[in-house]
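In what follows, chains are A, B, ... by sequence order, proteins preceding strands, each numbered from 1.
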Amino acid sequence: MTGYSVQIDEKWQRRWEETGLYSFDPGRLRDKYYVLSMFSYPSGAKLHVGHWYNFGLTDSWARMKRMQGYEVFEPMGFDAFGLPAENYAIQTGIHPEESTWANIETMREQLRAMGAMFDWDYEVVTCDPSYYRWTQWLFLQLHRAGLAYRAEAPVNWCPDCQTVLANEQVLDGACERCDSPVVHRNMTQWFFRITEYADRLLEGLDDLDWPERTKEMQRNWIGRSEGAKIRFPLADGGDSIEVFTTRADTLFGANYLVLAPEHPMVARIASQDRERAVTEYIERSARKSELERTSLEREKTGVFTGGYAKHPLSGERVPIWIADYVILSYGTGAVMAVPGHDERDFEFSEAHDLPIPRVVTSSDRSEAPLPYTEDGVLVNSGRFDGLTSAAARVAITDALRDEGLGESAITYRLRDWLVSRQRYWGAPIPMIHCDECGAVAVPIEDLPVELPHEVDYAPRGRAPLASSEDFVKTSCPECGGPARRDVDTLDTFVDSSWYFLRYPDSANDEQPFDRTRVDAMLPVDKYVGGIEHAVMHLLYARFINHVLYDLGHVGFREPFSSLTHQGMILGPDGRRMSKSRGNVVSPDDYITDHGSDVFRLYLAFGFNYVEGGAWEDDGIRATSRFIDRVRRWVQSVAEIGEGGGDGDATEADARLAYVEHSAIERVTGDAEEFHFNTCVARMMELTNALYQYEADVPPVEQNRDALMSATKTLLLLMAPFTPHFSEEMWESLGGEYSIFDQPWPVADPDKMKMDTVEIAVQVNGKLRATVQVPAGSTGEEIEDAARGHDRVAAYLTDGVKRVIVVPDKLVNFVI
RNA sequence: GCCGAGGUGGCGGAAUUGGUCUACGCGUGCGACUCAAAAUCGUAUGGGGCAACCCCCCUUGUGGGUUCGAGUCCCACCCUCGGCACCA
């Protein structure tokens with residue numbers, strides 16, 4: 001028999017396919033287990049180490065679940081819309097549809113060669129009209145429910161490329177392609193009202209089996225903030241300016257207001273003599289790039305508008321300024337400036353020579369230096385003097401409510417989700433614009449709104465679809481008059497926000513999915529993907545699922561019960577792999593040389609799965625050596641066969657059984673937790689124990705049944721991690737096809753009881769000796785055994801103050 | 001700045017509820033097999049002290065603390081990585 005190789009991979013992949021081993025059986029829904037890896041973008045390059053790490057080891061997990069008796073559903077698909085294909089098209093002239101489908105075909109082949117259990121009958125491709133038809137359906141559901149709306153908003157605009165950029169294309173305020181500073185342009189676009197779900201998305205997190213840091217990132221992203229809205233009436237009567245604050249207790253220290261330059265009230269407030277300065281400032285702010293307005297520029301600029309408001313409680317005149325450190329989109333776009341107790345306002349007051357009054361002292365009434373941003377005790381605040389900050393927040397908000405000038409309020413950092421993209425390679429937004437009827441939804445029976453093939457997608461400062469007359473010109477579904485289609489496409493995160501619902505019913509052409517089936521199949525039991533999606537995809541998907549729940553399309557709120565993030569495999573130099581650094585590790589070479597299982601097993605063994613780490617070629621050699629070591633062992637066992645030996649349970653037999661069963665227990669437990677590296681360590685220990693047994697016990701005394709049992713256990717434990725190799729070894733031992741139809745081994749607690757245990761003997765907490773005692777010895781027995789040890793006795797000559805015994809573990813003498 | 005995760009041998013990495021730190025592997029030393037090499041097998045391997053053994057001392061980023069006992073718990077600090085970042 002020759003060694004394990006890629007030919008073995010091919011042999012078993014063929015066999016699995018021919019026998020339909022991994023076809024999901026919808027008749028066993030009761031035992032279903034939905035294992036999902038985040039689907040990927042079909043790039044032109046080959047599968048990289050990251051794909052393998054994510055898909056390969058998730059597949060290993062799924063294989064264990066299968067052997068544990070679950071009917072595993074492990075689908076795969078492609079997140080195929082998106083910018084790379086379009087940019088590639090702009091560069092080369094190759095149509096995105098052409099390049100994308102070619103890439104998908106390549107990736108399918110490679111994914112097949114990976115030897116995972118993917119059931120391709122349920123494949124999903126987001127750029128296929130049979131899929132995006134239902135993405136459009138989803139948009140219409142939100143639209144009908146009032147959760148999709150149109151509003152003017154700034155988009156990222158690259159003046160050099162003459163195109164709109166997605167947020168992900170803006171790096172540190174600059175265009176990722178040409179590095180020119182990105183500016184904001186206002187356009188009317190579609191939004192999803194995700195802010196309406198802020199609280200539901202927050203609450204839903206509590207019960208999810210997700211990494212705590214990921215939940216925390218979502219909480220921070222949503223950024224719920226409790227405070228108050230306070231209205232400052234304008235001095236000249238009529239309107240008022242509303243501000244949001246979390247520090248209502250500092251209201252008496254508010255000696256001016258600051259509006260964002262874009263605030264709609266600015267024009268109305270500015271006095272005539274200040275108009276020019278105000279206009280100039282607004283224009284200057286608008287010209288500033290995102291970068292200038294945020295990270296670099298710390299100096300607080302701003303101008304006085306000439307307008308005044310009236311302090312809601314003291315009645316004093318409060319000047320109104322504009323400054324671009326106030327953001328229009330957060331809170332009310334206006335703040336009350338409390339320079340004594342807010343660092344930003346303090347800086348602003350210093351820069352513009354404004355007074356800085358104190359209204360809070362520290363709790364011991366000492367005058368802490370300003371700005372003092374902690375809670376404390378109120379001063380200079382009229383009848384609220386002496387209250388603590390916490391009490392004052394309530395009292396002042398109550399007082400404002402009585403006057404009709406304010407109330408407690410909650411705001412969120414989360415913004416509504418802008419889903420329009422002025423791009424070609426995406427799902428067209430299924431809306432029609434009619435001069436008479438306004439924005440009208442495309443009737444569901446007319447879906448899909450197909451993406452036209454012949455389109456000028458070169459950047460010309462407008463949405464590519466606008467160039468297609470045939471596409472744009474249509475008639476209004478309501479009045480029948482001439483109308484125009486929306487020329488924007490949907491953010492690709494919309495495509496991926498529901499694909500997990502489509503998988504179980506991917507061929508359905510009547511509806512996006514059958515509710516009964518989806519309710520039986522979801523939530524996803526285990527979702528695995530990179531942490532880079534912690535707040536984008538994972539939040540959007542939860543939002544969409546919550547909406548579909550509220551609209552009665554699914555019977556569960558949360559789509560992913562349990563989530564794991566794989567870490568990142570870095571180049572051998574410890575840095576992120578990239579072509580420009582020349583540190584990219586290509587799986588293909590290793591697979592050709594060693595077979596895919598060696599590669600997969602190294603990924604399992606060499607890293608903490610969640611942390612990842614730097615690639616090391618030596619690790620591949622180590623796993624290759626291990627697999628060969630197992631192969632040689634299995635070969636020798638196959639030659640000897642079962643039976644024989646005198647069958648008496650010797651001490652060596654017991655030791656082997658102990659290692660066998662503790663390996664079962666620990667592999668099962670560790671794999672469950674995605675601790676694949678320690679799983680492999682346990683397999684190696686079992687292998688070592690087998691060789692040890694053979695070396696220690698003379699051939700005539702060897703218990704072949706025990707050896708065969710432990711060997712089979714080893715193969716079963718290895719099967720999820722080395723599927724082709726284990727199948728081959730299983731066959732060579734005469735095992736029944738397939739090893740993946742065998743039950744996962746179960747540890748026998750009786751076999752894991754050792755007759756004697758080693759006790760650590762400590763003196764004053766320091767290890768001084770170890771002694772062997774029968775398992776289950778009493779404290780006295782253990783103590784006696786320890787005292788009987790020469791070296792220990794030497795320490796105890798001056799008497800013992802206290803003895804601590806941990807049964808079967810240790811004894812500690814305190815002297 | 002705020003939030004989160006983490007600092008363990010030469011290296012990748014292990015260590016249930018506080019209970020023998022360094023499992024497993026790599027690398028390295030020595031040995032076996034071999035004409036030789038590779039492969040394989042065996043064996044040793046945290047650092048230091050001692051000619052050497054029994055043995056002793058030190059060691060989980062740093063400094064304190066709690067405890068019979070701390071990688072693990074508490075306090076302070078240093079460093080690394082990730083997220084957010086004028087969010088009122």
Distance, P atom - from B:U8 to B:G4, rounded to whole angstrom: 22 Å
Rounded distance (Å) that lies between atom P of B:C41 and atom CG of A:Leu690: 14 Å
Residue mapping more 5' on RNA chain B - nearest nucleotide basis, A:Asn764 or A:Glu212: A:Glu212
Inter- and intrachain pairs under side chain to side chain donor-acceptor pair (under 3.5 Å), touching residues 328-341 of chain A, at least two apart: A:Ser329-A:Arg415, A:Tyr330-A:Thr411
Close aromatic pair by centroid cut-off 6.0 Å: A:Phe348 and A:Phe346: no
Polar side chain donor-acceptor pair, A:Arg655 to A:Gln692, under 3.5 angstrom: no
Given B:U40, B:A85, B:A88, the nucleotide with the shortest approach to the side chain of A:Arg625: B:U40
Between C1' of B:A23 and OH of A:Tyr658, the distance in whole Å: 12 Å
Pairwise P distance, B:U66 and B:C75 [rounded to whole Å]: 15 Å
Sugar-phosphate only, base, or nothing, as touched by A:Asn688 at under 4.0 Å among non-hydrogen atoms: sugar-phosphate
Euclidean distance, atom CZ of residue A:Arg802 to atom C1' of B:G69 [Å, nearest integer]: 10 Å
Integer-rounded Å distance: B:G42 P and A:Asp696 CG: 11 Å
Same-atom distance (P) from B:C73 to B:G6, integer angstrom: 9 Å
Touch class at under 4.0 angstrom, heavy-atom based, for A:Arg213 against every strand present: sugar-phosphate
B:G46 and B:U22, which share atom name P, separated by this distance in whole Å: 9 Å
Residue whose closest nucleotide on RNA chain B lies nearer the 5' end, A:Glu216 versus A:Ser329: A:Glu216
N/O donor-acceptor pair under 3.5 Å between A:Asn220 side chain and A:Gly223 backbone: no
Syn/anti state for B:G9 [syn: chi within 90° of 0]: syn
Between B:G18 and B:G69 - C1' atom distance, rounded Å: 8 Å
Span that lies between the C1' atom of B:C50 and that of B:C41, in whole angstrom: 34 Å
Ring centres under 6.0 angstrom apart (A:Trp417, A:Phe493): no
For residues 782-790 of chain A, please give each side-chain donor-acceptor pair under 3.5 Å, one per line with the distance, not counting sequence neighbours.
residue: A:Glu783; atom: OE2; partner: A:Arg787; partner atom: NE; Å: 3.2
residue: A:Glu783; atom: OE2; partner: A:Arg787; partner atom: NH2; Å: 3.1
residue: A:His789; atom: ND1; partner: A:Arg791; partner atom: N; Å: 3.3

Integer-rounded Å distance: B:C26 P and A:Phe626 CZ: 11 Å
Distance in angstrom units between A:Phe348 CZ and B:C86 C1', rounded: 12 Å
For atom CG of A:Leu570 and atom P of B:G82, their distance in whole Å: 10 Å
Any A:Arg632 side-chain N or O less than 4.0 Å from OP1/OP2 of B:C41: yes
Sugar-phosphate, base or nothing in reach of A:Val814, heavy atoms under 4.0 Å: sugar-phosphate
Options B:C24, B:C57, B:U40, nucleotide nearest the side-chain atoms of A:Met684: B:C24
Expected output: side-chain A:Thr214 to main-chain A:Trp210 donor-acceptor under 3.5 Å: no
Polar side-chain contact A:Lys801-B:C68 base: donor and acceptor under 3.5 Å: no
Qualifying residues under side-chain hydrogen bond (donor to acceptor under 3.5 Å, both in side chains), relative to A:Thr678, sequence neighbours excluded: A:Asp670
When the side chains of residues 599-607 of chain A are checked against the rest of the protein, which donor-acceptor pairs come out under 3.5 Å, sequence neighbours left out?
residue: A:Arg600; atom: NH1; partner: A:Gly56; partner atom: O; Å: 2.9
residue: A:Arg600; atom: NH1; partner: A:Asp59; partner atom: OD2; Å: 2.9
residue: A:Arg600; atom: NH1; partner: A:Ser60; partner atom: OG; Å: 3.0
residue: A:Arg600; atom: NH2; partner: A:Asp59; partner atom: OD2; Å: 3.1
residue: A:Arg600; atom: NH2; partner: A:Gly115; partner atom: O; Å: 3.4
residue: A:Tyr602; atom: OH; partner: A:Glu616; partner atom: N; Å: 3.0
residue: A:Tyr602; atom: OH; partner: A:Glu616; partner atom: O; Å: 3.3

Contact pattern, 5' to 3', of nucleotides 8-20 of chain B - B, S or - by protein heavy atom under 4.0 Å: ---SBSS----BB
Reported NE2-to-OH distance for the pair A:His311 and A:Tyr256, which is rounded to 0.5 angstrom: 13.5 Å
Selection from B:A88, B:A85, B:C56 that lies nearest to any side-chain heavy atom of A:Val326: B:A88
N/O (side chain, A:Arg768) to phosphate O (OP1/OP2, B:C57) under 4.0 Å: yes
Distance test, side-chain N/O of A:Tyr795 to OP1/OP2 of B:C56, below 4.0 Å: yes
N/O (side chain, A:Arg219) to phosphate O (OP1/OP2, B:C84) under 4.0 Å: no
Pairwise C1' distance, B:U60 and B:A70 [rounded to whole Å]: 11 Å
Whole-Å distance separating the CD atom of A:Glu347 from the P atom of B:A88: 16 Å
Any donor-acceptor N/O pair, A:Tyr795 side chain to A:Asn764 backbone, under 3.5 Å: no
Sugar-phosphate, base or nothing in reach of A:Arg621, heavy atoms under 4.0 Å: nothing
Ring centers of A:Tyr412, A:Trp221 separated by less than 6.0 Å: no
Secondary structure string for RNA chain B (Watson-Crick or G-U under 3.5 angstrom, | for other-strand pairs): (((((((..(((......[....)))((((((.......))))))((((.....))))..(((((..]....))))))))))))....
Nearest-angstrom distance, C1' atom, B:C3 to B:A85: 11 Å
Touch class at under 4.0 angstrom, heavy-atom based, for A:Lys766 against every strand present: sugar-phosphate
